[in-house]
Amino acid sequence: MKLADLVLPVCVVCGAFADGHGDEGTSAEIVYQWNIVEYEWPNDTLKQQEIENKAYIPQNSAINGIKLYKGKVYVTVPRLKPGVPSTLNVIIKAPAGSNGSSHLLRPFPNWEMQKLGNCEALQRVQSMEIDPNTGYMWIVDTGYISKMEDVDVQPVDSCPAKIIIYDLNTNQEVNRYVFPRMVIGFGLFYLNDIVLGYSENVARYAFLSDTLDYKLVVYDYKENTSYAYSHSNMRADEQYINITISNLTLTGIITGINGIAMSPDFKYIYYSSVAGVGLHQIETSVLTSANGNSAAFAAAVRTIGEKVSPGDGMAYGAKNNLYYSALGPNAIFKWDISKDLGSSGDFNAVPLISQSELVSDPRMQWVDTLALDDNGYLWFTTSRLNKFFSSEGIVHHEPNFFIWKIFVDDVHYLKGRQDVPTLGSQKTLASCFALIICACLQRFLTLT
Ligand SMILES: *[C@@H]1O[C@H](CO)[C@@H](O)[C@H](O)[C@H]1NC(C)=O
Ligand SMILES: *[C@@H]1O[C@H](CO)[C@@H](O)[C@H](O)[C@H]1NC(C)=O
Ligand SMILES: *[C@@H]1O[C@H](CO)[C@@H](O)[C@H](O)[C@H]1NC(C)=O
Ligand SMILES: *[C@@H]1O[C@H](CO)[C@@H](O)[C@H](O)[C@H]1NC(C)=O
Ligand SMILES: *[C@@H]1O[C@H](CO)[C@@H](O)[C@H](O)[C@H]1NC(C)=O
């Protein structure tokens, strides 16, 4: 008997045991909230000065992206309107005795890197991914300076899109890659979501959604190259271009492919458009081998079903659950993939059927980005873009932006992936085996 044959049954036994004792929550907790997003400034004089010259317009910041590492919470404020002073931030407690919000956004890694108009700095960051095994943050910067306030208008004097890999443990930039215009830009473009793929035990690929040019972009770190795929199912679906959230209707949403998710074995990527309900699946091996050949993509992509409503972000947990934003119902839904796999266990045929509401709340307006932490919690932002983009905009006297968490007893898709048996040697197999036994024992001990 090969070692690999042993590992699987142990996993299954351990998994079944864990499931019987699940204590998954049904209510989410608000971790942070803001009426108006507030930043940590070097001093109040500078803050007042920036308000006066409109470099800081307080009601124009909406928190969108979120990722976690070693107890820190990183958030993005994409420059969707003018007057956003910092696009990538870490949340800190406000100093004692201060007058405003209990928590502030501290520009990350610093103020210098937020400088608008300096193409070396970050211009418009919607998303990042943090590799939990290395502490590398992959920061996606769509770039461009002009027409920040109007994402639907073609940028002119633009900074090119780039991806920066930043080591959170040593606070150093590890790599930066500027996308060629043939891959991202010319015309309309907006880099939205990112997932990573491992190869030979390290993160090698970044997969990105381009929401306004309707593309799935691949960045290959090892080869230092990039290419992109297009398909009609990445576009905005005419039927869903008007979205109503809590009595507010946004019309003419042209946002296409947005939320993307990676399976923990790195074999499949899932994606959806904001304006649309179809959930699509593509094999990662096609993406990494077809070098941007959209015909090869079209031959392999599969629409696996329809979500309950249009949505924004999604996250795939290591226990084979896909969590996703549901914009109309102010909710997060969960697709329990194991239930729909059936006895064949064939991911190439699995349909989207078993979707259930994980949580909903009238305050969860525009569930934006989802992230799993190290303790079984699913964190998410609600960015209230329905109100933010309405003619009235957000108002100061009520909470607009929330960061929530809910216990789901699930694990980040990248967690422990250096130990995926199929990629490693005998040595890796043995250590994986030991790891699983330990995890089983630990669970057994905590449950009894
Ligand atoms: C406020 O901070 C800015 C930026 O660090 C600095 O240039 C300025 O001198 C400071 N002003 C005061 C009054 O401390
Ligand atoms: C607290 O904030 C309010 C409203 O912005 C302001 O009127 C008041 O003076 C502030 N108090 C202190 C102690 O800063
Ligand atoms: C990777 O590609 C970028 C953009 O083409 C280039 O600027 C950079 O020098 C390359 N880096 C390496 C290490 O080859
Ligand atoms: C979306 O809203 C616009 C403006 O109100 C309207 O003209 C259009 O028919 C609507 N489309 C759909 C599919 O409901
Ligand atoms: C939506 O409008 C209806 C009718 O005016 C009202 O009863 C309801 O409270 C509103 N809901 C929200 C979430 O504002």
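Whatever order the structure lists ligands and atoms in, that order sets their numbers, starting from 1.
With respect to E398 and R384, a salt bridge is recorded, a charged nitrogen being found less than 4.0 Å from a carboxylate O. Salt-bridge annotation for D220 and R204: present, with a side-chain N of the basic residue lying under 4.0 Å from a carboxylate O of the acidic one. Under the 4.0 Å criterion applied to side-chain N and carboxylate O atoms, E120 and K115 are not assigned as salt-bridge partners.
Y323 has its ring centre no less than 6.0 Å from the ring centre of F380.
Ligand 1 has an N or O atom lying under 3.5 Å from an N or O atom of N43, backbone or side chain.
The ligand atoms of ligand 4 that sit less than 4.0 angstrom from a heavy atom of E238 are 13 (C). Listed by number with element, the atoms of ligand 1 under 4.0 angstrom from any heavy atom of P42 are 2 (O), 5 (O). Numbered from 1 in the order shown, with element, the atoms of ligand 4 that lie under 4.0 Å from a heavy atom of N242 read 1 (C), 2 (O), 3 (C), 8 (C), 10 (C), 11 (N), 12 (C), 14 (O). Those atoms of ligand 1 with a heavy atom of T45 less than 4.0 angstrom away are 13 (C).
The residues lining ligand 3, counting any heavy atom closer than 4.0 Å, are Y177, V178, N224.
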Q.
For a side chain to side chain contact (heavy atoms under 4.5 Å, CB included) check, start with the C-alpha distance between N43 and Q48, then their side-chain angles and the critical distance, and finish with the verdict.
A. CA-CA 9 Å; N43 53 61; Q48 293 311 326; over 6 Å; no
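Scanning for side-chain contact (heavy atoms from CB on, under 4.5 Å) contacts around V301 gives H231, N233, Y271, H280, I282, F297, with sequence neighbours left out.
Counting non-hydrogen atoms of other residues, nucleotides and ligands closer than 6.0 Å to CZ of R235 gives a total of 12 or fewer.
Distances shorter than 4.0 angstrom occur between a heavy atom of T251 and an atom of ligand 4.
Between Y39 and W41, the ring planes are perpendicular. Angles over 60° get that label, and only those under 30° would be called parallel. The aromatic rings of F402 and W404 lie tilted to each other, with the angle between the two planes from 30° to 60°.
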